[in-house]
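Count residues from 1 along the sequence. Owing to the predicted nature of the structure, the values given are computational and were not obtained by experimental measurement.
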Amino acid sequence: MIQPFTPEPIRYVDPDGTLTRPLPEQYTPERLRELHAMMLRAREFDRKLITLLRQGRSTFYAQASGMEATQVGLARSLRPAHDWVWPYYRDHVLGMALGVPIFELLSQYLGTNSDTCRGRQMPHHFSSKRFNFVSVSSSIASQVPPAAGSAMAQKYLGTDEITVVTFGDGATSEGDWHAGVNMAAVNKAPCLFVCENNQWAISMHSRDQMASENVAIKAKAYGIPGFYVDGNDIVAVMEVCTHAAEWVRAGNGPALVECLTYRVGSHSNADADAEKFYRTRDEVNEWLGRDPITRIEALLEGLGQPISTQERADIIAAMHREVDEAVLKAEATGEPDWRIMFEDVYSDLPDHLRQQEAFLRAEQTGVKG
Ligand SMILES: Cc1ncc(C[n+]2csc(CCOP(=O)(O)OP(=O)(O)O)c2C)c(N)n1
Ligand SMILES: [Mg+2]
């Protein structure tokens, strides 16, 4: 039985791989291997993207290392390309696990012609129309009210889609967050709110920005269930998110899930030295001991189905090849022309933009007017 408002996070697998609840039938060794491979691919994606940054080929990146079970587990609880997802910036793993091709993500990071938005968003602000994966906005919690609106539309249109909106722990202290949750709750809209609580909002620990016991309990104030789950245990994340998504899909209104996890890397490449300024190496090491990937490896080992060193190395090598090929393919499409910044918004360009276009044209071509 999955209950809301538990004092401790719901968990199926301990960090050392021991089961704390019976493993539901669907987690066959093959299924667990697929989940493991997806998480390991995501971890390597972070490593490759940091290299791209260092090579000067992209300019912004926010790692999800340590949070793979939360994002892959959530993705596996949804109907890809059916449910609507309002992600936040750290959700590239959620996108990948839903099926957004690596080539599309990389095109966005590199701002090439193959990018759907053709370089008009800052790197790491991906989207995919095909997967109903809405464009990231960096303004914290700004996605929450529109997600409530998207869920209300789904209710009025009578579809069986649901809306899922994700955010960090810091976002739950923003006014937008409370407005959005309240709006969805009072309208009984099919909205699943998922908090990826990695315990830090850049340099501020969650205990310094909220007085409530945890995030899940905030649901109580809005009259909806709040589930508290171990976000580094992929089985627990899938079980709880599937349960909450079904509850939402059945017309009961919204639910909130808090996945307790940890960001083991820096906040972004603009914060490269976290351990020096606001947290200790000991804290990071403690959480590395609860890593979601080693946890599923320990579980498989305990089930007598260990992942071999070779199998692991093959997954990593395949991911590196895939990223390298996608980067070259994206870069081969070239950089977007400067003119596109004036397209796709207005049918008639307003005067101030006409002037700017003329100014830029003169700069680029040396021809005035
Ligand atoms: C409205 C707003 N205020 C401040 C910022 C600066 N900022 C960027 S990320 C961030 C921390 C967000 O933390 P959290 O919601 O926990 O997500 P995490 O980055 O930890 O995944 C802040 C304060 C912003 N982008 N938008
Ligand atoms: Mg956070």
Residue set satisfying side chain to side chain contact (heavy atoms under 4.5 Å, CB included) with Ser266, at least two apart, ordered chain then number -> Gln63, Asp271
Parallel, tilted or perpendicular, as decided by the 30° and 60° cut-offs, for the rings of His178 and Tyr222: tilted
Hey, what's the ring geometry for Phe126 with His92, parallel, tilted or perpendicular (30° and 60° as the breaks)?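 Perpendicular, since the angle between the ring planes exceeds 60°.
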If we ignore hydrogens and angles and just use 3.5 Å, is the side chain of [X] paired with the main-chain N or O of [Y] as donor and acceptor?
{"X": "Lys218", "Y": "Thr172", "answer": "yes"}
{"X": "Gln108", "Y": "Met122", "answer": "yes"}
{"X": "Glu174", "Y": "Ala141", "answer": "no"}

Do Ile293 and Arg312 have side chains that approach each other closer than 4.5 Å (heavy atoms only, starting at C-beta)? yes
Just wondering, do Arg295 and Met39 contact through their side chains at under 4.5 Å, heavy atoms?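 Result no, sub-4.5 Å side-chain heavy-atom pair not found.
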Does the salt bridge (charged side-chain N to carboxylate O under 4.0 Å, His left out) test come out yes or no for Arg354 and Glu357, once each step is laid out? CA-CA 5 Å; Arg354 260 182 222 289; Glu357 188 190 20; 5.9 Å; no
Taking only Lys NZ, Arg NE, NH1 and NH2, and the carboxylate oxygens of Asp or Glu, determine whether [X] and [Y] approach each other closer than 4.0 Å.
{"X": "Arg249", "Y": "Glu246", "result": "no"}
{"X": "Asp344", "Y": "Arg118", "result": "no"}
{"X": "Asp233", "Y": "Arg21", "result": "no"}

Listed partners of Asn132 passing side chain to side chain donor-acceptor pair (under 3.5 Å), at least two apart: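 So Asn132 forms no side chain to side chain donor-acceptor pair (under 3.5 Å) with any residue.
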Is the number of heavy atoms from other residues, nucleotides or ligands under 6.0 Å of [X] [atom1] greater than 12?
{"X": "Gln55", "atom1": "CD", "result": "yes"}
{"X": "Met38", "atom1": "CE", "result": "yes"}
{"X": "Arg279", "atom1": "CZ", "result": "yes"}

Assess the residue pair Asp230 and Arg290 against the criterion (salt bridge (charged side-chain N to carboxylate O under 4.0 Å, His left out)); give the C-alpha distance rounded to whole Å, side-chain angles, the decisive distance to 0.1 Å, and a yes or no. CA-CA 10 Å; Asp230 182 335; Arg290 300 179 207 175; over 6 Å; no
His320 and Glu44: CA distance, side-chain angles, deciding distance, side-chain hydrogen bond (donor to acceptor under 3.5 Å, both in side chains) verdict: CA-CA 7 Å; His320 285 208; Glu44 290 308 308; 2.8 Å; yes
Quick one: do the Arg90 and His267 side chains pair a donor with an acceptor below 3.5 Å? yes
